[in-house]
Protein chains: 2
Amino acid sequence: MADDTAVDALGEGDATPTESVTIYDVAKLAGVNPSTVSRALNRPGRVNAVTERRIRAAAETLNYQVNPMARALPTGRTSIVGLVVSDITNPVFFDVIRGAEAAATSAGYTLVLTESEESDEREYERAQRMLRMVDGLLLATPRMSDEQITALARQKPVAVVNRLVDDVLSVVPDVQHGIAEAVRHLRSHGHSRIAYVPGPALSWMARRRGELLAQRCEWAHIELVTLEPVAPTVVGGRSAAVAVRDSGATAVFAYNDLIAIGLMQELVETGIRIPADISVVGFDDIFGADFTSPALTTVKSPLREGGDHAMAALLARVTGDEVPGDGFDLATTLVVRGSTGPAAR
Amino acid sequence: MADDTAVDALGEGDATPTESVTIYDVAKLAGVNPSTVSRALNRPGRVNAVTERRIRAAAETLNYQVNPMARALPTGRTSIVGLVVSDITNPVFFDVIRGAEAAATSAGYTLVLTESEESDEREYERAQRMLRMVDGLLLATPRMSDEQITALARQKPVAVVNRLVDDVLSVVPDVQHGIAEAVRHLRSHGHSRIAYVPGPALSWMARRRGELLAQRCEWAHIELVTLEPVAPTVVGGRSAAVAVRDSGATAVFAYNDLIAIGLMQELVETGIRIPADISVVGFDDIFGADFTSPALTTVKSPLREGGDHAMAALLARVTGDEVPGDGFDLATTLVVRGSTGPAAR
DNA sequence: CTGAAAGCGCTAACAA
DNA sequence: TTGTTAGCGCTTTCAG
């Protein structure tokens with residue numbers, strides 16, 4: 001069953017390296033000097049219209065493509081931007097990646113991606129290594145220290161999404177807004193005592209969400225029971241189920257959707273009904289948050305926009321343009337689905 | 001509330017471009033010729049041990065890092081490999097990306113990622129553009145034509161995952177195995193008439209799955225009702241619900257998990273019980289396939305291994321090493337969860 | 001074992 | 001407007 005072999009390696013295409021055509025080839029064909037080709041192709045208008053046309057035609061027939069490496073050498077600019085995420089398989093990053101990719105591509109930049117697999121060491125190391133070949137670096141929810149980030153930012157333009165770092169271009173969604181909505185939503189359903197399952201203690205975002213939630217609950221005269229932090233995963237969520245049940249709360253906030261989903265799974269398996277017995281609210285609105293039943297009510301983060309804006313801001317700094325101000329609409333919003341309802345009595 | 005601004009742009013770090021240190025700097029400090037530095041750093045042993053040590057020390061104190069662009073120029077090799085996926089947000093690719101990233105990084109290569117947003121034109125265009133700066137290109141479940149792929153492969157080493165292309169290094173999981181398991185599973189539960197919801201007609205993998213399933217069902221004397229193809233999304237799955245119900249089948253296969261999940265959602269909302277009334281089987285075992293209730297029974301594809309092996313094979317070809325044979329274990333397997341059960345009578 | 005020199009493909013003064 | 005001429009930082013013969 002040849003069709004089912006795992007690998008079919010056929011060497012027919014003998015690597016024919018297609019001797020790459022250079023501006024010299026184009027120049028010869030067009031009967032001009034290489035530098036004129038460079039000018040014609042890069043800054044239209046600074047070359048006689050008819051010669052330019054001739055050059056473009058030559059480039060066309062030869063199927064000329066610039067060599068980005070060769071260009072980068074004299075200019076120092078590579079037209080590559082880097083994106084560092086801590087975990088490629090974490091759905092929270094999907095939209096950030098996509099937003100960043102879109103912004104980069106539309107600005108003529110190529111996106112280089114790397115992940116740190118949740119290790120702060122590896123993160124710094126890879127970011128540092130990447131720095132050599134990029135014009136700018138975007139860090140998504142970085143794990144490394146403020147000092148490390150600042151060190152990177154001293155070498156090349158750097159921007160950060162989902163975290164605030166002093167003296168570094170930071171794009172942070174307005175978490176406050178969504179939390180306020182969520183608290184209001186729960187209060188209007190009669191919840192007066194709610195539990196919070198925090199995420200990793202050293203995550204900037206985890207701390208921030210916890211603080212704002214506490215603040216908001218106090219403001220709304222709602223009692224908030226903060227439980228032990230857990231890993232920001234489905235498994236972490238499951239592990240918090242007992243504590244949640246014992247907390248006596250009628251609703252629970254999870255640091256993120258993964259925790260919320262794990263929590264729901266475990267609670268349901270323990271015979272607890274959602275939302276009849278306990279309401280559950282997550283954070284992020286990741287892919288799959290609506291696969292559960294009941295579907296998860298969650299505070300949606302504008303991840304794609306975050307990635308997009310951060311990249312745009314980064315590129316603005318790279319090209320020396322004015323960095324766009326904060327006229328963005330990066331508010332988080334509550335997405336109400338089936339996992340929340342009236343407080344159990 | 002300064003803390004909640006969407007963008008905090010602080011220009012303190014005046015872009016201090018950190019005049020990059022070159023081999024000339026190292027050479028001067030070590031009292032040798034630049035070429036010796038190059039040799040010492042690249043091919044250990046071809047330089048006197050003590051001078052080498054002196055050079056390394058100098059490089060260390062100066063914090064020298066090679067300039068990948070400058071190196072790429074004379075050698076023609078960039079140590080960058082490209083990965084093209086059709087949709088970054090499609091969970092099917094997460095593991096492929098991660099596997100490829102791991103293989104590339106561990107071989108000292110940098111991964112450059114691009115997506116085609118499901119457009120075959122854009123896919124070819126971006127792949128072509130990327131080709132200029134990479135040593136090799138990996139195409140994951142590409143949308144473009146065999147001819148286009150072959151054209152790319154003529155210029156630089158190219159590998160393909162999840163699709164078979166003549167004369168191109170192809171890594172394809174053994175779909176057959178999982179399908180056989182699934183059919184056996186259903187038959188053992190008394191299903192004798194099952195429906196199939198196909199994916200996009202021009203997808204190689206979609207055709208392949210359909211064919212193998214048909215083949216296997218015939219072999220097992222099970223009646224297979226092939227419905228109209230739908231988009232490989234949750235929405236597409238929902239749209240197939242009516243046809244599935246009307247098909248009179250007691251079990252349904254979906255081209256992929258997204259379709260299966262949409263199908264389940266719609267069926268459940270129509271009052272159909274799963275698996276009591278209809279059993280549902282998906283494909284891929286994507287992230288979130290176990291979020292549903294009942295959790296989805298699905299044919300799991302070794303996506304991560306696919307990405308990993310394909311990248312390894314590609315890099316082998318790039319470096320001229322022997323391309324590893326097909327000793328891999330890329331078999332698909334059935335993951336039984338709650339969405340399948342005994343056939344309704 | 002090491003230095004000298006040429007050149008990768010492109011850009012950017014400086015001339016003409 | 002176009003051609004000439006230097007490099008960008010590195011690798012790699014070729015001598016010594």
Side-chain angles (χ1 to χ4, degrees), chain A residues 17-56 58-59 62-80 108 129 131-135 156, chain B residues 17-56 58-59 62-80 108 129 131-135 155-156 319:
Chain A
T18 295
E19 279 320 319
S20 41
V21 357
T22 73
I23 52 174
Y24 289 87
D25 304 318
V26 178
K28 204 187 310 174
L29 180 60
V32 296
N33 190 281
S35 65
T36 308
V37 175
S38 172
R39 270 189 295 255
L41 264 28
N42 290 311
R43 48 207 68 191
R46 290 173 65 83
V47 138
N48 183 298
V50 21
T51 31
E52 176 175 341
R53 197 151 35 229
R54 188 150 37 93
I55 291 172
R56 288 199 180 281
L62 260 39
N63 187 28
Y64 167 79
Q65 312 258 104
V66 299
N67 179 330
M69 309 300 156
R71 166 177 287 174
L73 211 38
T75 62
R77 283 169 296 100
T78 63
S79 292
I80 301 178
R129 198 175 137 205
L131 216 54
R132 297 295 317 197
M133 72 168 76
V134 301
D135 290 345
K156 286 254 179 83
Chain B
T18 295
E19 278 321 317
S20 42
V21 0
T22 74
I23 50 173
Y24 288 88
D25 303 318
V26 178
K28 204 186 309 172
L29 181 60
V32 296
N33 189 281
S35 65
T36 307
V37 175
S38 171
R39 270 189 295 256
L41 264 28
N42 291 311
R43 49 207 69 192
R46 290 172 65 83
V47 139
N48 183 299
V50 20
T51 28
E52 175 175 339
R53 196 152 34 231
R54 187 151 36 95
I55 291 172
R56 288 199 180 284
L62 259 39
N63 187 28
Y64 167 79
Q65 312 258 105
V66 299
N67 178 331
M69 310 301 156
R71 166 176 288 175
L73 211 39
T75 62
R77 282 169 296 99
T78 63
S79 291
I80 301 177
R129 197 173 138 207
L131 216 55
R132 297 296 316 198
M133 72 168 74
V134 301
D135 290 346
Q155 307 175 54
K156 287 254 178 83
T319 59

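Here is how names work: the chains are called A, B, and so on, in the same order as the sequence lines, proteins then strands, and each is numbered from 1.
Here D:dT1 presents its P atom at 15 Å from CZ of A:R54, a figure rounded to the nearest Å. Distance, B:L41 CG to D:dT11 C1': 13 Å, rounded to whole Å. If you measure from atom NZ of B:K28 to atom P of C:dT2, you get 20 Å, rounded to the nearest angstrom. Atom-to-atom, CE of A:M69 to P of C:dT11 comes out at 14 Å; the value is rounded to the nearest Å. For the pair A:R132 CZ and D:dC10 P, the interatomic distance rounds to 7 Å; values are reported in whole Å. When rounded to the nearest whole Å, the span between CE of B:M133 and P of C:dC8 equals 21 Å. Distance CD1 (A:I23) to P (D:dT2): 15 Å, rounded to an integer number of Å. Atoms CG (B:N33) and C1' (C:dA4) sit 7 Å apart, rounded to a whole Å.
Picking from D:dT2, D:dC10, D:dG3 the nucleotide with the shortest atom distance to the side chain of A:S35 gives D:dG3. Of all nucleotides listed (D:dG9, C:dC10, D:dT13), D:dG9 comes nearest to the side chain of B:L73. Ranking C:dC8, D:dG3, C:dC1 by closeness to the B:P74 side chain, first place goes to C:dC8. Closest to the B:N67 side chain, of the nucleotides C:dC1, D:dG9, D:dT1, is D:dG9. Checking D:dT4, C:dC10, D:dT12 against every side-chain atom of A:Y24, the shortest atom distance belongs to C:dC10.
In terms of polar N and O atoms assigned as donor or acceptor, the side chain of B:R39 comes within less than 3.5 Å of the base of C:dG3 in a complementary pairing.
B:R39 places no side-chain N or O within 3.5 Å of a backbone atom of B:E52 that could act as its donor or acceptor partner.
Interatomic distance, B:N63 CG to B:D25 CG, rounded to the nearest 0.5 Å: 12.0 Å.
Heavy atoms of A:V37 sit nowhere under 4.0 angstrom from any nucleic acid atom. Looking at heavy-atom distances under 4.0 Å, A:R43 makes contact with sugar-phosphate atoms alone, never a base.
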Candidate pair B:Y64 and B:V37, rule side chain to side chain contact (heavy atoms under 4.5 Å, CB included), full reasoning = CA-CA 11 Å; B:Y64 167 79; B:V37 175; 5.7 Å; no

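Of the side-chain N and O atoms in A:R71, one or more sit less than 4.0 angstrom from OP1 or OP2 of C:dT11.
Each of B:T51 and B:T75 has a nearest nucleotide on DNA chain C; the 5'-most of these lies closest to B:T51. A residue-by-residue look at A:V66 and B:A49 shows that B:A49 has its nearest nucleotide of DNA chain C further toward the 5' end.
Around CZ of A:R77, the count of heavy atoms belonging to other residues, nucleotides or ligands within 6.0 Å does not exceed 12.
The shortest heavy-atom contact between B:R56 and B:A40 is NH2-O, 3.2 Å.
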